[in-house]
Q: 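Sharing a structure with you now.
Here is the naming used below: chain letters follow the sequence lines, and residue numbers restart at 1 for every chain.
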Amino acid sequence: MDVFGSFALILAFICAVYAFGGGIAAILTRHPLLVKSTRQAGIATCCLIFISTFSLEYLFFSDNFSAAYVVAHSNRALATFYKIAALWAGQEGSLLFWSFLLAIYVFSVLIAYRNKNGELMPYVGVILAGVQIFFLTLNNFVASPFKALAVPGAHGAMDLVARADGNGLTPLLQYPEMVIHPPNLYSGYTGFTIPFAFALAALLARYPGEKWIHLTRKWTMIAWGFQTAGILLGAHWAYAVLGWGGYWGWDPVENASLLPWLTGTAFLHSVMMQEKRGMMKVWNVWLVFTTFLLCITGTFLTRSGVVSSVHAFAQSSIGTWFVGFLAIIFAVCLVAYLKNRDYLKSENQLDAIVSRESSFLFNNLILLVSCIAVLSGTLFPVLSEALSGSKISVGAPFFNKVNIPIGLLLLFLTGVGPLLAWRKTSVESLKRNFAWPLMVGVVAGAIIFLLGYREVYSLICFSLCFFVTATIVMEFYRGAKVIRVRSGASYLTSAIELTMRNTRRYGGYIVHMGMVLIFIGLAGAAFNHDVQKEMQPGSSMQLGKYKLVLQSFDSKPEANYTGLRLNVEVFVNDKPLMMLYPERRIFETNGETGTMVAIYSTLREDLYVVYAGQSPDTKLPVIHAYLNPLVKWIWFGGVIVVFGTLVALLPNRRAVLVLAGAKQPAEEQLVHGMTPSVTYREGHD
Amino acid sequence: MISLQKIRRPGLLLLPALLCFGGALPILSAFADAQQLDHTHQLGMKVKCMCGGCNDSAGGCYHVGGAFSGPCDTALGMLKKIDERIAQGNSDDLVVQSFVQEYGQAVLTEPPHSGFGRVAWWIPALALIGGFALVLVVISRWRKHITPEPALAGAGSASPISRELLERARAKAARDTED
């Protein structure tokens, strides 16, 4: 099966090369058969990548320990569930997995648009094939996951061997979230290839209008949704597995996932400027290019070893390939832009400074500044060493100091943006739209302050959360009220109807609401506290209102590891609340250990108990307990964000058209301008 | 359009927002007296654990995958040194500087505000200021190019509308009110 998978990968590479070269020829000659055959070559490339990936999975499931990659990342006792995750546990497999996910996207695009957009699709096909060629080159010639296990034999030759068992999967990956976190994150990374391909294709082909935007909007949202879910699942995994009490450590690999998310978020907002007003075309094209380049940069950072990270793959020379690919992509984008930039001329001008358009500009500015801050901070140790000869570390304190104010500014704009009208917002409209939300924010801030809560950033954050929530509630309330008046339905039914009529807009508000909940959870981190104690059975420790009593500790052998478990009883006001079982797992195959954190989670706080290890002197267990306020709001917010994204992807139930009155205006006015008949509700659209 | 006056019960707007976070207010008050990190731990957060196997601060070392999750021996040693130096009456700056002398600037968890380290702080600030200026320039350029819309032909008189124009208007309105 390893030969089969390897052969499929080689064939995939050949097909991709044909799709690329033939595609260019098809663009030049416009020969229909050539167009068709290159598209089919693209589809064949994807199918062969699927076959190759399933072949590798088969090697894992069949415990084929003649394959070096399987030996390195699996063993017989490994649970079937985790044999799926073993696919992306190492450099080679994860690169194949990248190709696999990209192939799903490419396959979907080539099938979905096989009879549409005849002018654009050959370009799209060529660009997608180009990206696939790069990854297939790595899969075939640089980091093949199908290498046979070999040992030095007689006469200096390598002898192929098979091992009785493998080394096993690293314990950190033996956690259910690790089966879903990487696929989500990789789906985000790879998904941004589609809008990139369409944007570059539209530029190269000088494709008229904003059609490429309409075509790729949903793909961008899908990629963004996966990226968001991937980041949050990764944060939850870090929280539940690493045992340090936190969920985000500003590690270079974590930062790498955040970078394209920030520019992708900026694009999802600024794209509306192009759709509605024909503005910011240059900006949007470069945002898409940048997002894709950052996806590749993130992959480069994770895999090259250029920055040190606990999440990174082993150091290798593969980084050179990524640098080369980045350089080629950037050069292609730059040349395409310089050659066809007149195609990106703005169709409209800004009518007023206080408008939705301005808010989008500032929203994009803040997101980009955050992106620059994170990128520069991540690369600064390398840059400082190269430029000044002395390595300067950049850790969490720097990122927190820089990004917290930026995040608060962004949260503020999340509330402001939807309240501003397109083109121009009048003073009356500002008063009407901002009065209640501002009042809610200020009153909430004052109450929180009077309750004795003084941490400045958190205080501002909570006030802004109330402000933004009020704006979202107002938006739903106003829209639902109109439907309610007409239909007589309840507010809830009307709000659902409203959402289904304009899924993108109200789905977006749901996403904003999710972000508010995430911000609440993040603000709670200012009040974390923890306690660590060496304990013997019967002894206790106090943390906030919780008293933790160690009842006993034992060890339990399992198929793949031995679990050292503590039985900790939790009391509140001397009344028993529950039992918690923090655990250390020792994996026999590689001697590594893993943490299973015990968490009692409520909306108010998480009681987070870690079996930190045994004291080297007394051999008694050491318990590290944390009290982390409001963490659950982050995960709940994440679910809301993903739900909102899904809602935004749904088609509208029916188009919203507000034609007021029977009086008909003049033709030109009706078509080109803001007229009394086509009502732009200020602060709504 | 819905005006504020038309909302007969404005409390309706306030209520859901407060309901959303109704539980949050008492929760927040409970954290006002939350314990702060002890002094040693606080200073430990300012210096990196120099074991070479993690990216953590000495105060926050948790050493993933180690036999003991929590400060590793190196981090524990550094925390012990901090304890001793505080006990000797050294100021916070002096304690941190003693580690810089021992390990170089790489021991700091955030770039220093002097020398090349300043560049790390300047980059986000310059990006914000430069970006803000750029946005203002873009806005002013867009504003300069505004040309007054031509007077409407036959404005004031209701001229008949062709089916095609009506469809175009509908399409435009549908597109513009989509979000």
Side-chain angles (χ1 to χ4, degrees), chain A residues 242-244 251 272 276 308 310 349-350 353 361 365 369 372-373 376 380 384 388 390-395 397-398 402 432 436 440 448 451-453 466 469-470 473-474 477-478 504-505 527 529 592-593 595 603-604 610 612-613 624 629 655-657 664 666-671 678 681 685, chain B residues 1-4 10 13-14 16-17 20 23 25 27-29 31-32 34-35 48 54-55 57 62 64-65 67-70 104-106 108-111 116-117 120 123-124 127-128 131-132 135 139 142-143 145-146 149 152-155 158-159 161 165 168-170 173-174 176-179:
Chain A
L242 298 186
W244 62 290
D251 180 273
M272 283 185 261
K276 290 187 183 305
S308 55
V310 291
Q349 307 300 336
L350 195 71
I353 292 172
L361 280 177
L365 166 67
V369 169
I372 290 167
S376 64
F380 198 75
S384 63
S388 73
S390 155
K391 188 173 183 177
I392 297 175
S393 306
V394 179
F398 169 84
V402 171
R432 188 174 60 244
W436 282 107
V440 168
I448 295 166
L451 285 169
Y453 188 78
F466 275 88
T469 303
V473 170
M474 266 180 67
Y477 172 77
R478 285 174 166 177
R504 188 176 165 193
R505 178 172 153 196
F527 305 95
H529 55 292
E592 290 185 35
T593 59
T595 313
L603 274 181
R604 175 194 163 104
V610 186
H624 198 154
V656 175
L657 180 65
Q664 297 290 347
E667 288 183 7
E668 287 302 307
Q669 190 179 21
L670 179 63
V671 174
V678 181
R681 293 169 299 167
D685 302 313
Chain B
M1 300 235 183
I2 301 165
S3 71
L4 197 64
L13 297 178
L14 195 63
C20 280
L25 290 178
I27 288 171
L28 298 178
S29 67
F31 299 125
Q35 293 170 22
K48 272 186 74 176
C54 68
N55 259 338
S57 63
Y62 60 96
V64 175
F68 189 90
S69 105
Q105 289 194 327
L108 299 171
T109 53
E110 63 178 40
F116 193 74
I123 292 171
L128 185 65
F132 193 76
V135 168
I139 287 176
W142 279 347
R143 296 275 296 150
H145 285 94
I146 291 178
E149 287 187 18
L152 296 168
S159 54
I161 303 166
L165 278 169
R168 278 171 57 197
R170 280 191 171 136
D176 289 353
T177 53
E178 194 186 9
D179 293 290

Q: Is it the backbone or the side chain of A:Leu365 that comes under 4.5 Å from a heavy atom of chain B, or both, or neither?
A: side chain
Q: Need one label for A:Ser388: side chain, backbone, both or neither, based on atoms under 4.5 Å from any heavy atom in chain B.
A: side chain
Q: Which atoms of A:Val402 come close to chain B, meaning under 4.5 Å heavy atom to heavy atom: side chain ones, backbone ones, both, or neither?
A: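 Answer is side chain: those atoms of A:Val402 sit under 4.5 Å from chain B.
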Q: How close do A:Val369 and B:Pro124 get, heavy atom to heavy atom, and via which atoms?
A: CG1-O, 3.9 Å
Q: Give a yes or no on whether the backbone of B:Ala106 and the side-chain of A:Ser393 come within a donor-acceptor separation of less than 3.5 Å.
A: yes
Q: What's the shortest heavy-atom distance between B:Pro111 and A:Val394, and which atoms?
A: CG-CG2, 3.7 Å
Q: Check each atom of B:Leu128 against the heavy atoms of chain A and say whether the ones under 4.5 Å are side chain, backbone, both or neither.
A: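 Both backbone and side chain.
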Q: Between A:Phe466 and A:Ile448, which heavy-atom pair has the shortest distance, and what is it?
A: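 Looking at all heavy atoms of both residues, the closest pair is CE1-CD1, 4.3 Å.
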